[in-house]
*Asks:* 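The structure's right below; bear with me while I get my questions together.
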Amino acid sequence: MITFSALRQLTKFTPTISRNYTSATLQLLQLSITNQSLTQTLQSHARVCYLGLTQHSVIVTKLISAYSLCKNPLAARLVFDSVRVKNVFIWNTLINGYAKNGLCSESFELFREMCRNGDDPDNFTISTMAKVCGDVEDGLLGDLVHGVCVKNGFGVDIVVGNAFIFMYCKCGRFRDAFEVFDEMPERNVSSWNVMIGGVSGLGGDGVSEVVWEFVRCMVVEGFGFDGFTISSLLPFCGRSNGKCDFGRELHSYIVKNDGGFFVESDFYLGCCLIDMYGKSKRVNVGRNVFNCMRDRNIFAWTAMISGYVQNGDFDEAMFLFGEMQSKGRIEPNKVSLISIIPACSSLGGLLGGKQVHGFAVRKELNHEVSLCNALIDMYSKCGSLNYARKVFDFHCISKDAISWSSMISGYGLHGKGSDAVLLYNKMLQSGIKPDFITVVGVLSACGRSEMVEEGLDIYKHINEYGLEPTLEICACIVDMLGRSGQLDKALDFIKTMPLEPGPSIWGSLVNASVLHGNSDMLDLAYKFLIQVEPANPSNYVSLSNLYASSRNWDAVAEVRAKMKERGLKKLPGCSWISVNNETHSFYVADKAHHCSDLIYQMLQELIPVMMGASNSTILEDLALSYLEQA
DNA sequence: TTAGGGTTAG
């Protein structure tokens, strides 16, 4: 353990004899920097003092750098203060050391001190300060630093230019970032990477197109990709559409260019690839990447676990979660826990989720807002609204928009529309701005509880929070009006809504028409649904069934012919359940299961019970008697 | 001797 009184003594130490061991000391310091080892840094520091090198500019610079990299900025400052004559290297190293340790205001204060002291900043100082302004998203300070940069003619430096592009992007001033990029006399791969990263951060529709356009221009200008480029691009590689598979192509690019950055030894690229394959429903390819990694950190394990969860393979996710701790000797962090919660609750129900919650309490992670949000969601979905509310009220100390949205959606799921609206209003009173997910949550809650007036009133005011209607929000309104039986009003809303109605809109009208037995409206809604979603066989089958129920066989034949003509085939629906680590799957009218007779016999008895009785103990008794027979 | 981009979740 480092003590500051000991460090102070070291910095004051002046030996009587100075020996020419500078080179060996520099090597030792370089080793401390490479290993980021505090022990080695302290040993080097002791040697520096013993040899009387405490005023040696190069050695002191390295020492400040070493302490900063060992996350010890206070020790770095002590060394800095002990230097009588400070040059620009020494100033820059501590300014950068503060920045690396997240001490942005200290970094800026030191920059001011440097200027007051009459020491001129150079291109290294400016690039660090631009980065600091970006980190704290302070565009005004950024402008000030940019002014100093232009005045001193540092604008031609590529690293400085890249740092200002980063700063302007982080401050949301993409136009200014592009202006810096456009006017750079010379660019490197990083300049393109920073621009691509900046565009990615913009969010919203069309970002992907802009990113790929930047990539095209980058290639036209003769630049290749490095690891940073690829890791920025992988999140934009969705599932292959049959024509191009950018994710696979980038993976090949990595393998071909293995001299520069090989996935086996690069955590970042490995994690990005696993994530990309998981999100594009190719979790097994992701697993191959994971298996090829020479070493795996918590990010790699979590990315792999998350891939399995996203693809519904909860058993494998749970297995890997155990392996991470036993084989990998890695303790789960909050992201690992958040990732595994859906698997736990799916396999173990409320008990599985509670086990994760208990682990989080033991590790003192239970007040982390993101973990609380996942727990609120899990408890709501597992049927325990009371536990969800307890987490929301007592564990979730600093609530964000997702915390409120999760709780509001939970009330909606349980048909408690008035509680959802009450909480939505409380959220607004707390000054938290709703996002479109909050609005979807509260509107669907209104729909389930037939609170049409309240829902329409909420919809009317969303623009006050900078929100525009989305297709999801509009679908909630159609669903809400439709469920309450106001089918004509729902159709009028569709006709006047500000967006082109898509499958979710017509699907909502279909459901409402079925609910209220309005076959004319159902016919119309299905026709529009098929028009906007012509490749979904389910729509044709449902419409055909509708005609069949009214014995309109000509119409049935017409729909079936259209399906055949378009080459559409409906895959049979499948459901499954895991009992004692064995998964049992069932298709429609499936009789392949060895307990099939018992299952159908029970179903015959369950149907009238479900339709007539609300007493759950009757159902439980019935189920238990059949389990004993099976 | 000092400077720059990328990783998992809700």
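Naming: A, B, ... by sequence-line order, numbering from 1 per chain. Reckoned from all heavy atoms, side chains included, excluding hydrogens, waters and symmetry mates. As the structure is a prediction and not an experimental result, all values here were calculated from the model.
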*Asks:* To the nearest angstrom, how far is Asp400(A) atom CG from dA9(B) atom C1'?
*Replies:*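 Distance, rounded to whole Å: 13 Å.
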*Asks:* For the pair made of CD1 in Ile298(A) and P in dT8(B), what is the distance, rounded to whole Å?
*Replies:* 13 Å
*Asks:* With distance as the sole criterion, do the side chain of Thr128(A) and the base of dA3(B) form a donor-acceptor contact below 3.5 Å?
*Replies:*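 No.
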*Asks:* Are Trp212(A) and Phe246(A) an aromatic pair, judged by ring center distance below 6.0 Å?
*Replies:*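 Yes - the distance between ring centres of Phe246(A) and Trp212(A) falls below the 6.0 Å cut-off.
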*Asks:* Looking only at side-chain atoms of Phe299(A), point me to the closest of dA9(B), dG4(B), dT7(B).
*Replies:* dT7(B)
*Asks:* From the set dT2(B), dT7(B), dA9(B), return the single nucleotide nearest to any side-chain atom of Thr93(A).
*Replies:* dT2(B)
*Asks:* Taking CD1 from Ile90(A) and P from dA3(B), how many angstroms apart are they, rounded to a whole number?
*Replies:*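 Result: 14 Å.
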*Asks:* Looking at dT7(B), dA3(B), dA9(B), which one has an atom nearest to any side-chain atom of Asn96(A)?
*Replies:* dA3(B)
*Asks:* Scan Gln310(A) against the nucleic acid and name what it touches under 4.0 Å (heavy atoms): base, sugar-phosphate only, or nothing.
*Replies:* sugar-phosphate
*Asks:* From dG5(B), dA3(B), dT8(B), pick the nucleotide closest to the side chain of Ser306(A)?
*Replies:*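 That would be dT8(B).
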*Asks:* dT8(B) P sits how many Å from Tyr268(A) OH, rounded?
*Replies:* 11 Å
*Asks:* Hey, does the Lys NZ or Arg CZ of Lys256(A) hover above the aromatic six-ring of Tyr253(A), less than 6.0 Å from the centre and inside 45° of the axis?
*Replies:* no
*Asks:* Is Asp135(A) touching bases, backbone alone, or none of the nucleic acid, heavy atoms closer than 4.0 Å?
*Replies:* nothing
*Asks:* Aromatic ring centroids of Tyr387(A) and His357(A) under 6.0 Å?
*Replies:* no
*Asks:* Rounded to the nearest Å, what distance is computed from the CD1 atom of residue Ile59(A) to the P atom of nucleotide dT2(B)?
*Replies:*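 After rounding, the reported distance stands at 13 Å.
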*Asks:* Take the protein atom CZ of Phe108(A) and the nucleotide atom P of dA3(B), then report the distance between them rounded to whole Å.
*Replies:*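 My rounded result for the distance is 20 Å.
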*Asks:* Considering only heavy atoms from C-beta outward, does the side chain of Ile408(A) approach that of Met427(A) to under 4.5 Å?
*Replies:*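 In short, these two side chains touch, coming nearer than 4.5 Å.
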*Asks:* In terms of base orientation, is dG4(B) syn or anti, with the syn window spanning 90° either side of 0?
*Replies:* anti
*Asks:* Does Lys131(A) make a side-chain N or O approach to OP1 or OP2 of dG5(B) shorter than 4.0 Å?
*Replies:* yes
*Asks:* Are Lys354(A) and Tyr379(A) close enough that a side-chain donor and a side-chain acceptor fall under 3.5 Å?
*Replies:*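 No, no side-chain donor-acceptor pair sits under 3.5 Å.
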*Asks:* Check every atom of dT2(B), dA3(B), dG4(B) against the side chain of Lys62(A) and return the nucleotide holding the closest atom.
*Replies:*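 The closest nucleotide is dT2(B).
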*Asks:* Is it the case that dG5(B) (base atoms only) and Ser190(A) (side chain only) share a donor and an acceptor within less than 3.5 Å, ignoring hydrogens and angles?
*Replies:* yes
*Asks:* Tell me if the side-chain of Thr61(A) makes a donor-acceptor pair with the base of dT1(B), cut-off 3.5 Å, by modelled atom types.
*Replies:* yes
*Asks:* For the aromatic rings, using the six-membered ring if either is Trp, is the centroid distance between Trp301(A) and Phe321(A) under 6.0 Å?
*Replies:*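 Ring centres of Phe321(A) and Trp301(A) not closer than 6.0 Å.
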*Asks:* How many whole angstroms separate atom CG of Leu337(A) from atom P of dG10(B)?
*Replies:* 13 Å
*Asks:* Under 4.0 angstrom, heavy atoms only, what part of the nucleic acid is Lys100(A) near: base, sugar-phosphate, or nothing?
*Replies:* sugar-phosphate
*Asks:* Once you apply a heavy-atom cut-off of 4.0 Å, does Asp157(A) come out as touching a base, just sugar-phosphate, or nothing?
*Replies:* base
*Asks:* Nearest to the side chain of Phe228(A), heavy atoms from C-beta on, is which of dA3(B), dG5(B), dG10(B)?
*Replies:*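 Given the options dA3(B), dG5(B), dG10(B), the side chain of Phe228(A) is closest to dG5(B).
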*Asks:* Taking the minimum atom-to-atom distance to the side chain of Phe89(A), which one of dG10(B), dG5(B), dT2(B) wins?
*Replies:*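 Output: dT2(B).
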*Asks:* Please state whether the phosphate of dA9(B), meaning OP1 or OP2, lies under 4.0 angstrom from any side-chain nitrogen or oxygen of Lys279(A).
*Replies:* yes
*Asks:* How close or far is atom P of dA3(B) from atom CG of Leu94(A), stated in whole angstroms?
*Replies:* 12 Å
